[in-house]
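The structure appears below as structure tokens.
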Amino acid sequence: MHTDLVIVGAGPTGLYGAFCAGFRGLSTVLVDALPQVGGQIAALYPEKVVRDVAGLPAVTGRRLVDGLAAQADAFGTRYLLERQAVGIGHEAGRPQLTLSDGTIVDAGAVVLTAGIGTFTPRALPAGEEFLGRGLSYFVPDLSAHADRDVVVVGGGDSAIDWANALVPLARSVTVVHRRARFRAHAASITEAQQAGVVFRTNCEVSELIGGDWVSEVRLGPSDRLAADSVIAALGFISDLGPLADWGLELSGRTIVVDQRMRTNLTAVFAAGDVTEYPGKVRLMSVGFGEVATAVNNAAVELDPDAALFPGHSTDSAQGA
């Protein structure tokens, strides 16, 4: 397959990169190991409310991904889903990407928007045998927890966000955290307290109890809570996967880039959470700016006579 640009990672940053490339008239292929676009948001948090995107005070992950996909689709982006990028080489200066199904994508440039790479949820130490029988690690469908006694385990933003989202639907919501201090935003914790979420701190889940389905949670040696839904929001273990063996300059599990979002490999750029440089801030909104920088610098690399500035979308609309 031949294309001007191949983007590896179909999360929000990659989808916006496909829009930026299409706006410049570049043919674009978007590759992702997952079966759907949207990356971690679509796979794990479709019903969570996202609040850090400019101009959208509150939007669910699903709606955000739908909007980004519509932008990318407007320019005929081609998708190669359920295929992992496993290797890279160069032919006459052009990157050639090898996918897990044997497909080779010959491109003028590559943009890596792999996010945190492959992600595996951190297991709840007690009660793993109830996975799929009341225990889950993410919430793709809020309604699945309606009219249930829900126990959310964890102290980060995901735990508190899910607690807030489930309060209107669930019979009860309790957050269990091993410490009194939380990593989640203070405003989110206040919102949960005011909404009636119960907080149990300085304790840990020692056992899940039940038959075919979980019915109780044991805290410590003897304290029990009624629970027919347990959501363990303990974070994820990330891995760059095959990217780690491509010869990219790495900093831990991230890819080092310059101010043009270039990596150390010829015609290979990167953007979003997977990148590292001095002053890096890991926000989705920052990723949107980085991928716009990466795509436009890639466009100049493809055509040295092209302008770096792509023009404004309003100019395009007025001229249409």
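Computation of the quantities below employed the complete heavy-atom set of this structure, encompassing side-chain atoms and omitting hydrogens, waters and symmetry-equivalent molecules.
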- Query: Taking a hydrophobic cluster as the set of Ile, Leu, Val, Met, Phe, Trp and Tyr residues connected by side-chain heavy atoms closer than 4.5 Å, whether directly or through intermediates, do I231 and L135 fall within one such cluster?
  - Reply: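 Yes, I231 and L135 fall within the same hydrophobic cluster.
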
Check this for me, if you would: do [X] and [Y] make a salt bridge, where the nitrogen-to-carboxylate-oxygen distance has to be below 4.0 angstrom?
X: E204; Y: R178; value: no
X: E290; Y: R260; value: no
X: D106; Y: R94; value: yes
X: R24; Y: D4; value: no

N264 versus E249, closest heavy-atom pair with distance
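Minimum heavy-atom contact is OD1-N, 2.7 Å.
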
Within this structure, what is the OG1-CE distance for the pair T113 and M261, rounded to the nearest 0.5 Å?
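Interatomic distance, T113 OG1 to M261 CE, rounded to 0.5 Å: 11.0 Å.
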
Practice problem: Find the distance between CG (L243) and CG (L250) and round it off to the nearest 0.5 Å. | Solution: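 Here the interatomic distance stands at 8.5 Å.
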
Against W246, only a single residue in V86, I88, V268, L240 fulfils side chain to side chain contact (heavy atoms under 4.5 Å, CB included); can you say which?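 The single option meeting the side chain to side chain contact (heavy atoms under 4.5 Å, CB included) with W246 is I88.
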
- Query: L169 pairs by side chain to side chain contact (heavy atoms under 4.5 Å, CB included) with which of D147, V150, L142?
  - Reply: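 Among D147, V150, L142, the one meeting side chain to side chain contact (heavy atoms under 4.5 Å, CB included) with L169 is L142.
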
Report yes or no: does D32 contribute a side-chain atom to a donor-acceptor pair with the main-chain N or O of A10 at less than 3.5 Å?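 Checked: pair present.
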
Classify the angle between the aromatic ring planes of F182 and F199 as parallel (below 30°), tilted (30 to 60°) or perpendicular (above 60°).
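F182 vs F199 ring planes: perpendicular.
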
Distance-only donor-acceptor check, side chains D52 and S285, under 3.5 Å
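No, no side-chain donor-acceptor contact under 3.5 Å.
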
Review point. Near R133 CZ, under 6.0 Å, is it more than 12 heavy atoms from other residues, nucleotides or ligands?
Key: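 For R133, atom CZ is crowded (more than 12 foreign heavy atoms under 6.0 Å).
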
